[in-house]
Number of protein chains: 2
Amino acid sequence: MHVMTGGDSKPDFDVLRSKLEAYMSEKGLRSTAQRRAITEAFFSASDHVTIEDVLAESRKIDGRIGYATVYRTLKLFTESGIAEERHFGDGLSRYELSDESTQHHHDHLICLSCDAIVEFHDDAIEQLQDAVARRFEFSILSHKHEIYGLCPKCRKDQS
Amino acid sequence: MHVMTGGDSKPDFDVLRSKLEAYMSEKGLRSTAQRRAITEAFFSASDHVTIEDVLAESRKIDGRIGYATVYRTLKLFTESGIAEERHFGDGLSRYELSDESTQHHHDHLICLSCDAIVEFHDDAIEQLQDAVARRFEFSILSHKHEIYGLCPKCRKDQS
DNA sequence: ATCCATGCAAAAACTTTGCAGTCCA
DNA sequence: TGGACTGCAAAGTTTTTGCATGGAT
């Protein structure tokens, strides 16, 4: 098996900005101060951020940004392909750079005690997953594979 | 559409009823007409049902059952261990018999076009997943592996 | 000047809870 | 009879949208 963490290579934010611009221009959308601020906030924030997270970060750049604008802009990011929306079961939508943006797909290990999130990737699992889809004649558009448990630190704290 | 699940044995509902009764008795909870109706409705319904689904089914047995009672009873099922709550990203909570109840864990293939849900199980994937957890020194408590795509029927309809 | 974008607030969509009456044990 | 249970409706949450104003092209 082959395992790797997610943070090996940093995403090239210039490429992502270009991709976003291309999408917006194609759709006749406009570059505004808010969108630029939210973009930078999203890029500088950690992964798996909520709308509230991005709102708080964006307001450090421009204090007047509203919730709805962040909401709509994250939607825009998702449509343009630079971000993906995720749900980890706590009722909140979370956003992260898309697999395409980071140049590699990853899944998640989530600590139920401290909420730590670790990314992993395993080609063998992906291949078996493709085989499952073929067997059921599904075409795969996306997937999520989340492992919930206790991280090393919390395991020690418990014992 | 056929199955590679690790054995399609039907759950033994009598065992589940006993387990539920034991839990309720332990907690000093009461057996009521509504709870019995909801239990039967849940057992007779298909998997991955929403609260609305169970409500509709329950009302076939007893027309006076309210939404909140179904909500609270499904919560009770989850606490007792006979059911599990799931979220497939469409904003609805869904319930199914727990892995423990069905005696086998399974994951899901979900059609993004018609919302069809197919269950699958793959031991090799599970083993690789265990290996990933070991690598990161996580202990696994649960996991979810969902593959989103197009089912055979919707693939045909699109082409 | 267009007409897209923003911010606010209201509306939706679900879930959760308070309460007065009901019913099991 | 006491305390749990129910149904209704109200309150929470979080997401989504309508609308008048502001702003990019």
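Keep in mind that this is a model prediction, so the values were computed, not measured. Chain letters run A, B, ... following the sequence lines, proteins first, then strands; residues in each count from 1. All values below come from the heavy atoms of this structure, side chains included, with hydrogens, waters and symmetry mates left out.
- Atoms OH and CD1, on B:Y148 and B:I110 in that order, are 4.0 Å from each other to the nearest 0.5 Å.
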- Query: With the sugar-phosphate defined as primed atoms, P, OP1 and OP2, and the base as all remaining atoms, what B/S/- string results for nucleotides 16-24 of chain D, 5' to 3', for protein heavy atoms under 4.0 Å?
  - Reply: BBB----BB

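- The distance from atom CD of B:E79 to atom P of D:dA4 is 15 Å, rounded to the nearest whole Å.
- For an aromatic pair to be called close, the ring centres must be under 6.0 Å apart, and B:F77 with B:F42 satisfies this.
- Summarising the geometry, the separation between CG on B:D53 and P on C:dC14 is reported as 12 Å, rounded to the nearest angstrom.
- We find that CG of A:L20 is positioned 12 Å from P of C:dA5, with the value rounded to whole Å.
- Comparing B:L92 and A:I38 by the nucleotide of DNA chain C that holds the closest heavy atom to each, the one mapping nearer the 5' end is A:I38.
- For A:I65 and C:dT6, the CD1 to C1' distance is 10 Å, given to the nearest whole Å.
- Between B:L29 atom CG and C:dC24 atom C1' there is a gap of 12 Å when expressed in whole angstrom units.
- The heavy-atom pair separating B:K19 from B:G81 by the smallest distance is NZ-O, 3.9 Å.
- With 3.5 Å as the limit, one finds a donor-acceptor pair spanning the side chains of B:E85 and B:S93.
- For A:T69, taking side-chain heavy atoms from C-beta onward, the closest of the listed nucleotides D:dC5, C:dG7, D:dG7 is C:dG7.
- Each of A:H145, A:H87, A:H121, A:H48 was compared with A:H108 under the ring-ring contact (aromatic ring centres under 6.0 Å, His included) criterion, and only A:H48 meets it.
- OP1 or OP2 of C:dT22 has not a single side-chain nitrogen or oxygen of B:Q34 nearer than 4.0 Å.
- Taking CD from B:E40 and CG from B:D62, the interatomic distance works out to 13.0 Å, rounded to the nearest 0.5 Å.
- Each end of the helix from C:dA1-D:dT25 to C:dA25-D:dT1 gets its own axis, taken as the rotation carrying the C1' atoms of four end pairs onto the next four within a five-pair window, and the two axes meet at 30° to the nearest 10 degrees.
- Between A:L97 and A:F13 there is a side-chain heavy-atom pair separated by less than 4.5 Å.
- Atom NZ of A:K27 and atom P of D:dT25 are 18 Å apart (whole Å).
- Between the NE2 atom of B:H87 and the P atom of C:dA13 there is a distance of 18 Å, given to the nearest Å.
- Proximity of B:M24 to B:R30: side-chain heavy atoms (C-beta onward) are nowhere separated by under 4.5 Å.
- Side chains of A:V132 and B:I125 form a contact here, defined as non-hydrogen atoms less than 4.5 Å apart.
- Distance, A:E52 CD to D:dT13 C1': 11 Å, rounded to whole Å.
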